[in-house]
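Single-structure report; data block below.
Numbers restart at 1 for each chain; the letters A, B, ... are given by sequence-line order, proteins then strands.
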Protein chains: 2
Amino acid sequence: MIKYAILGLLHYTEMHGYRIKEHIERNFGHMWSINYGQIYPNLKKLHDDRLITMKEVVVNGEKGPPRKLYSITDKGREEFLDWLNTSPEKPMLLRDPFLMRFVFFGFGDGKRAIEIIDEQISRYQKELARRKKNLTRWEKSGIYVRLIADLGASLNEMVLEWLKRSKKEILKNAAEK
Amino acid sequence: MIKYAILGLLHYTEMHGYRIKEHIERNFGHMWSINYGQIYPNLKKLHDDRLITMKEVVVNGEKGPPRKLYSITDKGREEFLDWLNTSPEKPMLLRDPFLMRFVFFGFGDGKRAIEIIDEQISRYQKELARRKKNLTRWEKSGIYVRLIADLGASLNEMVLEWLKRSKKEILKNAAEK
DNA sequence: CTTTATATATATATAAAGTATATAATATGT
DNA sequence: ACATATTATATACTTTATATATATATAAAG
């Protein structure tokens, strides 16, 4: 799927690997992260498959080694649009190290569980503040990107409320015993 | 992380691979799925590392080849609890093939986008109905498991509302042009 | 004016997660 | 007797994710 994320970005404009990472983190970094170890091998494969082309450029006054600018080809555009029109294969996947622990908190120390929940609450509070502040930034990026940003903020808010409610219930439950 | 999911389940009771998959899909299948290709290699590794023990049993009157019953060892219990007490490394990851397409819908055919959103709406409606019906089933499984089930249903409901709202906004937006 | 730190940029090795498929044993229906 | 479904394990392969190495240029510190 990373393949299509890259093709989608190159659909906007030509880019090099480093810039692609920046964009992904800035744009849909609400919900995921990406890694150079995923980007460069994918770029290589896309290039081998003739879905993108590459030109090496040195930009005067800019830091770092020469950049490899990739552009999407007609073949790439075609394959990207084919993918865009197919129905998504699988439903949402939520693999979260916190939730994973949460289901098993009954086996561990209740006090430590509350501590971890508190950490999570402050993490989500910071994140929500950051998102709400940035919501306006997406207004001009088109309706779909804006709606995704809305979803990100709503999800964040919902989970935060759930965390607070859970903490209360767990404490109440512990007090009753 | 699958390693710890398996250890967590074996913390309840001894199990064989096939049963582990059943349990994972039944218990936290709200949000993920798991695969034999992930379970058996993990069981092998856990056994090599002496975190679980194995005994092969043939249950009379039951179908299939002999089962390999795995139990958690003291060493396994220790490592599991250590993990449970550590702070979760990374925040929630949301890698969804639908959302992935959604951000790029601006590049594609608007009518097809609405079709895919409709598919998604009916998918989420069915799923939400199933979840709400099952919510009571978790009541007896302890507070943490119940709270996770609540979160699953809430997330489902929220995304469904977002899908409906998005559809309206997209149609309105298209009509204005 | 040199060394150190920092930002930019690419690349690769390894590990973990996920998909697809093969194999085997037994119960059950026809 | 034979096809079919269910239970169960196993492995090959692909994709995703982490960790780390390398190179270049600017900026800052001493």
Side-chain angles (χ1 to χ4, degrees), chain A residues 1-7 14-26 28-29 31-49 52 54-70 83 89-97 100, chain B residues 1-7 14-25 28-29 31-49 52 54-70 83 88-97 100:
Chain A
M1 220 167 51
I2 288 164
K3 170 182 168 180
Y4 296 106
I6 291 174
L7 282 177
E14 55 180 12
M15 259 181 247
H16 56 280
Y18 192 87
R19 194 71 66 236
I20 287 173
K21 199 195 174 209
E22 262 186 6
H23 261 80
I24 288 184
E25 306 223 304
R26 238 180 160 246
F28 13 87
M31 300 165 182
W32 8 3
S33 60
I34 194 145
N35 210 290
Y36 295 124
Q38 297 164 259
I39 290 174
Y40 289 106
N42 266 287
L43 283 173
K44 202 177 176 184
K45 179 131 202 308
L46 285 167
H47 189 254
D48 288 347
D49 296 344
I52 58 179
M54 189 266 280
K55 63 177 171 194
E56 212 161 345
V57 291
V58 182
V59 184
N60 302 67
E62 296 273 334
K63 293 174 187 177
R67 299 171 181 180
K68 291 185 175 172
L69 266 184
Y70 292 95
W83 168 80
E89 323 74 38
K90 283 198 315 175
M92 191 180 292
L93 178 85
L94 230 159
R95 185 160 42 70
D96 180 48
M100 187 48 149
Chain B
M1 221 166 51
I2 288 163
K3 171 182 166 178
Y4 295 106
I6 291 174
L7 282 178
E14 54 179 14
M15 259 181 248
H16 56 279
Y18 192 85
R19 193 72 65 234
I20 286 172
K21 197 192 175 211
E22 263 187 3
H23 260 80
I24 289 184
E25 306 222 305
F28 13 85
M31 302 165 181
W32 7 4
S33 60
I34 194 144
N35 211 289
Y36 295 124
Q38 297 166 261
I39 290 173
Y40 290 106
N42 266 288
L43 283 172
K44 202 178 176 181
K45 178 130 202 310
L46 285 168
H47 189 253
D48 288 347
D49 296 343
I52 58 179
M54 188 266 278
K55 62 177 172 195
E56 211 161 346
V57 291
V58 181
V59 183
N60 302 68
E62 296 274 335
K63 291 175 189 176
R67 298 170 182 179
K68 291 187 174 171
L69 266 184
Y70 292 95
W83 168 79
E89 322 75 38
K90 285 199 313 177
M92 192 181 291
L93 178 84
L94 231 159
R95 184 159 43 71
D96 180 48
M100 187 51 149

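- At the heavy-atom level, Lys3(B) lies nowhere under 4.0 Å from the strands shown.
- Here Lys45(B) pairs with Asp49(B) in a salt bridge; the nearest charged N to carboxylate O distance falls below 4.0 Å.
- As judged by a 4.0 angstrom heavy-atom cut-off over every strand, Gly17(B) is placed among residues touching the sugar-phosphate backbone only.
- Per the geometry, CZ belonging to Arg67(B) stands 11 Å off C1' belonging to dT26(C), to the nearest Å.
- Regarding Met100(B), its CE atom lies at a distance of 9 Å from the P atom of dT16(D), rounded to whole Å.
- For Glu62(B) and dA8(D), the CD to P distance is 7 Å, given to the nearest whole Å.
- Contacts of Pro41(B) with the nucleic acid, taken as non-hydrogen atoms under 4.0 Å apart, include base atoms.
- If you measure from atom CD1 of Ile34(A) to atom C1' of dT15(D), you get 12 Å, rounded to the nearest angstrom.
- Among Glu62(A), Met15(A), Glu56(A), the single residue meeting the side-chain contact (heavy atoms from CB on, under 4.5 Å) criterion with Arg67(A) is Glu62(A).
- Between Glu22(A) and Arg26(A) there is no side-chain heavy-atom pair separated by less than 4.5 Å.
- Residue Gln38(A) has no polar side-chain atom (N or O) positioned under 4.0 Å from OP1 or OP2 of dT16(D).
- No side-chain heavy atom of His47(A) sits under 4.5 Å from any side-chain heavy atom of Leu43(A).
- Put simply, CD1 on Ile39(A) is 16 Å from P on dA19(D), counting in whole angstrom units.
- Close to dT10(C), at under 4.0 Å from its OP1 or OP2, lies no side-chain N or O of Tyr36(A).
- Listed candidates were dG18(C), dA8(D), dT16(D). Nearest to the side chain of Ile2(B) is dG18(C).
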Watson-Crick or G-U pairs under 3.5 Å in DNA chain C, rendered as dot-bracket with [ ] for crossing pairs and | for another strand:
||||||||||||||||||||||||||||||
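- Checking the phosphate oxygens (OP1, OP2) of dT19(C), a side-chain nitrogen or oxygen of Lys90(A) falls inside 4.0 Å.
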Stepwise, does the side-chain contact (heavy atoms from CB on, under 4.5 Å) test hold for His16(B) with Met54(B)?
CA-CA 9 Å; His16(B) 56 279; Met54(B) 188 266 278; over 6 Å; no
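- Position along DNA chain C of the nearest nucleotide to Gly37(A) versus Lys63(A) favours Lys63(A) as the more 5'-ward residue.
- OP1 or OP2 of dA11(C) has at least one side-chain nitrogen or oxygen of Lys68(A) nearer than 4.0 Å.
- Checking dT24(D), dA7(C), dA17(C) against the side-chain heavy atoms of Arg95(A) singles out dA17(C) as nearest.
- Remark: Tyr40(A) is in phosphate contact with dT10(C), judged by side-chain N or O atoms under 4.0 Å from OP1 or OP2.
- Counting heavy atoms from C-beta outward, Met100(A) and Arg95(A) have side chains that stay 4.5 Å or more apart.
- Within 4.0 Å of Lys45(A), counting heavy atoms only, lies no atom of the nucleic acid at all.
- The two residues Pro66(A) and Val58(A) have their closest heavy-atom pair at CB-CG2, 4.0 Å.
- Heavy-atom distances to DNA chain C give each of Leu69(A) and Pro66(B) a nearest nucleotide, and the one nearer the 5′ end belongs to Leu69(A).
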